[in-house]
There are 2 protein chains.
Amino acid sequence: MKKKIKYNVSFRIWFYAGENKFLGIGRVELLERIIKTGSIANAAKEMKMSYRQAWQMVAEMNARSNSPLVEKQLGGKSGGGAIVTKAGFQAIETFQTLENKVRIFIENETNKLTM
Amino acid sequence: MKKKIKYNVSFRIWFYAGENKFLGIGRVELLERIIKTGSIANAAKEMKMSYRQAWQMVAEMNARSNSPLVEKQLGGKSGGGAIVTKAGFQAIETFQTLENKVRIFIENETNKLTM
DNA sequence: TAACGATATGTTTGTAAATGAATAACGACA
DNA sequence: TGTCGTTATTCATTTACAAACATATCGTTA
């Protein structure tokens, strides 16, 4: 009997600021972990990425948005940390809302397919 | 006056065969150029990619689809070439149709956004 | 004011991926 | 039956990217 492969569709979306990538699912996840852990360093550790890369992502996001998504918090007993701004929360929300809508749309369209 | 960045949304979709990537925009473009030029070698040249990479993409596509999307055509005055099968044409069509629908959907949703 | 752990940044190291060269095999056609 | 320019495949080399390391700087708190 002939093999019959089950196909499925995946997708990704990105927000661009002009020509520059501004926000994708990876950066959204990073923002969420900064919220959860209180610092870029710990967020990076959770995601098993280098602090350097995480920091660069944050720096790019901040540079390419109208107002910073993350603000540093130096000093203090714990040595400091980073906080996600209101603009950051809004960016997460906007991204995830659109992503969910696209997911549902693609699921509906894919069900119509006969491959 | 404050800078005001214009944001826009980009996206990509992929067809998967189980866990394996099967078709994306790059491979669709490769298929189109194989149709246009009549060979993998010339298609690769047009896309400025190595023949090796192009050939591997074709091999993967063929291995992961129910029936081959590309068939070799050895011999002849021109030395041979490659042809895209009916299944290949259908795959291109299916991919582009879905991609266009998603594009329109995202455009409509993005117009609602105020970032 | 000393200490802490985070941010911020340059430099080096290591590794995976892409490239290029080189070559064998193929088979219709003239 | 010789010719042609493909397909198909290998191997060494280069390139690009990510990780690792090192270190300066910061500012609140005890």
Side-chain angles (χ1 to χ4, degrees), chain A residues 12 14 19-65 67-85 87-88, chain B residues 12 14 19-65 67-85 87-88:
Chain A
R12 289 195 65 174
W14 296 271
E19 296 296 306
N20 301 119
K21 193 174 294 185
F22 165 57
L23 201 66
I25 185 67
R27 291 180 181 185
V28 167
E29 189 181 341
L30 179 61
L31 289 177
E32 288 177 320
R33 289 182 191 265
I34 291 171
I35 294 169
K36 181 182 157 199
T37 64
S39 76
I40 297 175
N42 283 330
K45 207 169 295 176
E46 275 200 5
M47 293 181 72
K48 294 184 201 297
M49 70 167 65
S50 63
Y51 169 79
R52 181 185 174 75
Q53 186 181 24
W55 178 85
Q56 282 176 331
M57 288 169 113
V58 169
E60 274 195 9
M61 280 190 271
N62 281 347
R64 291 171 182 175
S65 71
S67 58
L69 307 191
V70 176
E71 276 172 358
K72 65 179 158 185
Q73 207 73 18
L74 289 177
K77 167 165 55 179
S78 68
I83 62 166
V84 173
T85 65
Chain B
R12 289 195 65 175
W14 295 272
E19 295 297 306
N20 301 119
K21 193 174 293 186
F22 165 58
L23 202 66
I25 185 67
R27 291 180 181 185
V28 168
E29 189 181 340
L30 180 61
L31 289 177
E32 288 177 320
R33 289 182 191 266
I34 291 173
I35 294 170
K36 182 182 157 200
T37 64
S39 75
I40 297 174
N42 284 329
K45 208 170 290 174
E46 275 199 7
M47 292 181 72
K48 294 185 202 298
M49 67 167 66
S50 63
Y51 169 79
R52 178 188 172 72
Q53 187 180 27
W55 179 86
Q56 282 176 333
M57 287 168 113
V58 169
E60 273 196 9
M61 280 191 274
N62 281 347
R64 293 173 181 173
S65 70
S67 59
L69 307 190
V70 176
E71 275 171 0
K72 64 179 159 184
Q73 206 73 18
L74 288 178
K77 167 164 59 177
S78 68
I83 62 166
V84 173
T85 64

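A, B, ... follow the sequence lines: proteins, then strands. Residue 1 opens every chain.
Straight-line distance from the CD atom of B:Glu60 to the P atom of D:dT9: 14 Å, rounded to whole Å. If you measure from atom CG of A:Leu74 to atom P of D:dT25, you get 14 Å, rounded to the nearest angstrom. The nearest whole Å value for the distance from the CE atom in B:Met49 to the P atom in D:dA16 is 17 Å. Taking atom CD1 on B:Ile40 and atom P on D:dG5, their separation rounds to 18 Å, with Å as the unit. B:Gln53 places its CD atom 14 Å from the C1' atom of D:dA16, with the value rounded to the nearest Å. For the pair B:Arg52 CZ and D:dC11 P, the interatomic distance rounds to 11 Å; values are reported in whole Å. B:Lys45 places its NZ atom 11 Å from the P atom of D:dG5, with the value rounded to the nearest Å. Atom pair B:Asn62:CG and D:dT7:C1' shows a separation of 13 Å (rounding to whole Å applied).
In the set D:dT6, D:dA19, C:dA6, the nucleotide with an atom closest to the side chain of A:Ser50 is D:dA19. The side chain of A:Ala41 lies closest to C:dT7, out of D:dA20, C:dT7, D:dT7.
The residue B:Gln73 sits apart from the nucleic acid: no heavy atom pair falls under 4.0 Å. Using a 4.0 Å heavy-atom criterion, one finds that B:Gly79 contacts the bases of the nucleic acid, with or without backbone contacts as well. Residue A:Ala59 is classed as having no contact, given no heavy-atom separation below 4.0 Å to the nucleic acid.
Here the CD-CD distance, from B:Gln56 to B:Glu60, works out to 7.5 Å after rounding to the nearest 0.5 Å. Taken from CD in A:Glu71 to OG1 in A:Thr85, the straight-line distance is 6.0 Å, to the nearest 0.5 Å. To the nearest 0.5 Å, atom CD of residue B:Glu29 and atom CE of residue B:Met47 are 3.5 Å apart. One distance of note links CG of B:Asn42 with OH of B:Tyr51; it measures 11.0 Å at 0.5 Å rounding.
An OP1 or OP2 oxygen of D:dG5 is reached within less than 4.0 angstrom by no side-chain nitrogen or oxygen of B:Lys77. Within the 4.0 Å cut-off from OP1 or OP2 of C:dA8, at least one side-chain nitrogen or oxygen of A:Lys72 is found. Residue A:Trp55 places at least one side-chain N or O closer than 4.0 Å to OP1 or OP2 of C:dA8. Applying the 4.0 Å criterion to OP1 and OP2 of C:dA6, one finds that A:Tyr51 has every side-chain N and O outside that range.
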With side chain to side chain contact (heavy atoms under 4.5 Å, CB included) as the test, would you mind laying out the steps for A:Asn62 and A:Leu69 before giving the verdict? CA-CA 6 Å; A:Asn62 281 347; A:Leu69 307 191; 3.9 Å; yes

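Between A:Asn42 and B:Gly80, the residue anchored nearer the 5' end of DNA chain C, judged by the nucleotide with its closest heavy atom, is A:Asn42.
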